[in-house]
Enquirer: 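Can you read through this structure? Questions will come right after.
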Amino acid sequence: MSDKLPIRDQIIAAVGAAIASAGFPALAGPIVLEVPKQREHGDFSSNAAMQLAKPVGAKPRDIAVAIRVALLEAAVPHLADVEIAGPGFMNFRLSPTWLYDVLETVVAAGPNFGRNAELAGRRINLEFVSANPTGPLHAGGGRWIAAGDAIANLLASQGAEVHREYYLNDTGNQLNTFRDSLFARYQRQELPEDGYVGEYMVEIADALRAEHGASLDAAQLCELGLRIVIAGIRDDLERIGVRFDTWFSERSLHENGEVDAVLQLLTDRELVFELDGAVWIRTTDFGDQRDRVVKKSDGSTTYLLNDYAYHCNKFARGFTHLINIWGSDHHGQVKSLQAGIEAITGQPGEPEIILGQLVKLLRGGEEIKISKRAGNIVTLADILDEVDADVARMTFLLQSVDTRQTFDLDIVTSQSMENPVYYVQMAHARIASIGRKAAEAGVVRAPLPAVNLALLEHPREHELLRALAQYPETLAEAAAARAPHKLTHWVLDFAARFHGFYRDCRVLDAEPELLQARLWLAEASRIGLSNALTLLGVSAPEEMARLDDESLEGAPTQ
RNA sequence: GCGCUCGUAGCUCAAUGGAUAGAGCAUCUGGCUACGGACCAGAAGGUUGGGAGUUCGACUCUCUCCGAGCGCGCCA
């Protein structure tokens, strides 16, 4: 690890010092240094002068001029010039030498490039998927699998210890419906009203009948059926490459008396009251729309109380922060859960809930309405039968979870240009290809300190290094915003830059010295691309299957 | 009715309150005897749903209207 501060931090420090030496007061907030959208605006720009305009009582441009003078006197490394533009922006123009430092930093950090220790010491429990174990995972659920796993990776990249958890709702009404439906199939009888019509129920019933005969009672059948469904869910998760640290049983909460204990605690603290024979919690005291029932008049507990017990259990296991990923159709439950947890623990905002819009599935240009009752679900396994996990994951991670994603099965399952995963993987494969060709030609990469990186003068080369310089920050932003799509977009942008470099800056045909510099640039690119793809859960292949290869995996089915 | 979320190019989507709102696909025009062209370059495409406000500056924040999705059980 390099102990040298990134250029960005050096400039920020220099600006701070320049503001002081020019006799201005310090900024109220942190000094913002951003990468301008337009290259003509320099390598970095700052709006500090505009922010100082009001407190100082001077024109932004005049302030900028004063800061500029102080900055140029300070001899900041790599700083060539500071231009004042527009309403008072300061545009920092750097010598390309800063980019060579970037390359060295990337290579030195290797697999750790981009990681930091911002969240060190934090133990985060991330609960996601948690679909009821009453049937297979459906296609739209793939979004939460991909997003959850990627968010876990993002948080871990910032130094947190992240625990992936699946909450198994192995008790309650839905399970009873499952039991009754399965038992009806098992006995070859009519399904009960509102039963699960899915064909998989018939398959499970038949399998259990074949193995155990017709002698099982409903409870035994339910247990065995549950195991089969859960095993199926595990298989699907395995196929897409996600592994959970804990599968938490809701039933265990009851068996261990944790639900009763929470109710007792609420009662002791007088957070509950009785009405119409039921017990209610005063969640309105903590911002909820209305109070909620925790214990019904028939003596049974509500899902909400079970959830309180569950989240208390998570805290008891030592997690410092809880995060749940939910479909937006559950947004109405956020307040009541957080209100209760705040009442119990005193911590507001726990658990953090990431709400994601549901996926709209399209096939043949028409929306597929998913309904477990109607039995017309498209399962995740269906998707994975047609495309490999990389395609599925990348597609799910293309967009912000705030938007209602349209998952067009015709496009996703085709190898069309609208499938960006190949574009990205191609870039990585090309890097590997260069390495192979170099080896064949007997070219050995010289030690980095012996290589003249100043030969990397082409705009394509500079663009590549700029993108690498931006990576750690993009990663941190993606983690902070719980937004893996930001990283996906970095990857797409980076791949585009690499393809441009590959086209215009031939590596192996270059003069020996330049060849060496470009080999190292390719290596740094490989590191950046590989690190990012790893966090997204997408593989970085050494070579691509040939498009014209008939044995191509995931070939179009139509 | 109340509440939450979302409206950006023909389509799918980006853009910590910053400068001329960006990509991909589709359309059109160029470029390969290749470190694999699943590539590159260029053109065209916009009143950021409408209106008002906040300020040096708004896709972004506030209000309002329109449109879409979802939630408002002693279901989970």
Enquirer: If only side-chain N and O atoms of A/Tyr423 are considered, is one of them under 4.0 Å from the OP1 or OP2 phosphate oxygen of B/C40?
Expert: yes
Enquirer: With a centroid cutoff of 5.5 Å and a plane-angle limit of 30°, would you call A/His485 stacked on B/A14?
Expert: no
Enquirer: Is there a Watson-Crick or G-U wobble partner for B/A41 with both distances under 3.5 Å, and if so, which one is it?
Expert: B/U29
Enquirer: On RNA chain B, compare the nucleotides closest to A/Ala495 and A/Thr406; which residue's is nearer the 5' end?
Expert: A/Thr406
Enquirer: Write down the partner of B/C2 under the Watson-Crick or G-U wobble criteria, each distance required to be under 3.5 Å.
Expert: B/G71
Enquirer: Checking side chain to side chain donor-acceptor pair (under 3.5 Å) for the pair A/Glu352/A/Asn324: CA distance, chi angles, key distance, verdict?
Expert: CA-CA 6 Å; A/Glu352 172 187 342; A/Asn324 296 353; over 6 Å; no
Enquirer: Does B/C59 have a Watson-Crick or wobble mate here (both distances under 3.5 Å), and if so which one?
Expert: none
Enquirer: Look at the side chain of A/Lys37 and decide which nucleotide, out of B/G71, B/A19, B/U12, has an atom nearest to it.
Expert: B/A19
Enquirer: When you check the phosphate oxygens OP1 and OP2 of B/U16, does a side-chain N or O of A/Lys486 lie under 4.0 Å from one of them?
Expert: yes
Enquirer: Given B/G3, B/G31, B/A14, which nucleotide is nearest the side-chain atoms of A/Arg503?
Expert: B/G31
Enquirer: With a centroid cutoff of 5.5 Å and a plane-angle limit of 30°, would you call A/Phe89 stacked on B/G18?
Expert: no
Enquirer: Please determine, for the side chain of A/Gln357, which listed nucleotide (B/U5, B/C56, B/C72) has the closest atom?
Expert: B/U5
Enquirer: Across all strands, who's sitting opposite B/A9 as a Watson-Crick or G-U wobble pair, both distances under 3.5 Å?
Expert: none
Enquirer: Both distances under 3.5 Å, Watson-Crick or G-U wobble: report the partner of B/U16, or none.
Expert: none
Enquirer: Which nucleotide, B/A38, B/G3, B/C74, lies nearest any side-chain atom of A/His331?
Expert: B/G3
Enquirer: If the cut-off is 4.0 Å, is A/Gln399 near the phosphate of B/C13, judged by side-chain N/O to OP1 or OP2?
Expert: yes
Enquirer: Just checking A/Thr403: base, sugar-phosphate only, or nothing, at a heavy-atom cut-off of under 4.0 Å?
Expert: sugar-phosphate
Enquirer: Quick one: which of B/U20, B/G18, B/A76 gets closest to the side chain of A/Gln333?
Expert: B/A76
Enquirer: Among the candidates B/G73, B/A76, B/A38, find the nucleotide nearest to the side-chain atoms of A/Met544.
Expert: B/A38
Enquirer: With side chains defined as the heavy atoms from C-beta onward, is the minimum distance between A/Tyr196 and A/Leu182 less than 4.5 Å?
Expert: no
Enquirer: Verify the contact: side-chain N or O of A/Arg460 to OP1 or OP2 of B/A41, cut-off strictly under 4.0 Å; return yes or no.
Expert: yes
Enquirer: Should A/Phe248 and A/Tyr310 be marked as a ring-ring contact (aromatic ring centres under 6.0 Å, His included) after you check the CA-CA gap, both sets of side-chain angles, and the distance that decides it?
Expert: CA-CA 9 Å; A/Phe248 194 93; A/Tyr310 176 38; 4.8 Å; yes
Enquirer: The side chain of A/Val32 is closest to which nucleotide in this list: B/U16, B/G18, B/A76?
Expert: B/U16
Enquirer: Which nucleotide in the set B/U55, B/C74, B/A76 lies at the smallest distance from any side-chain heavy atom of A/Lys54?
Expert: B/U55
Enquirer: When you get a sec, tell me which of B/C74, B/A19, B/U16 is the closest nucleotide to the side chain of A/Lys296?
Expert: B/C74
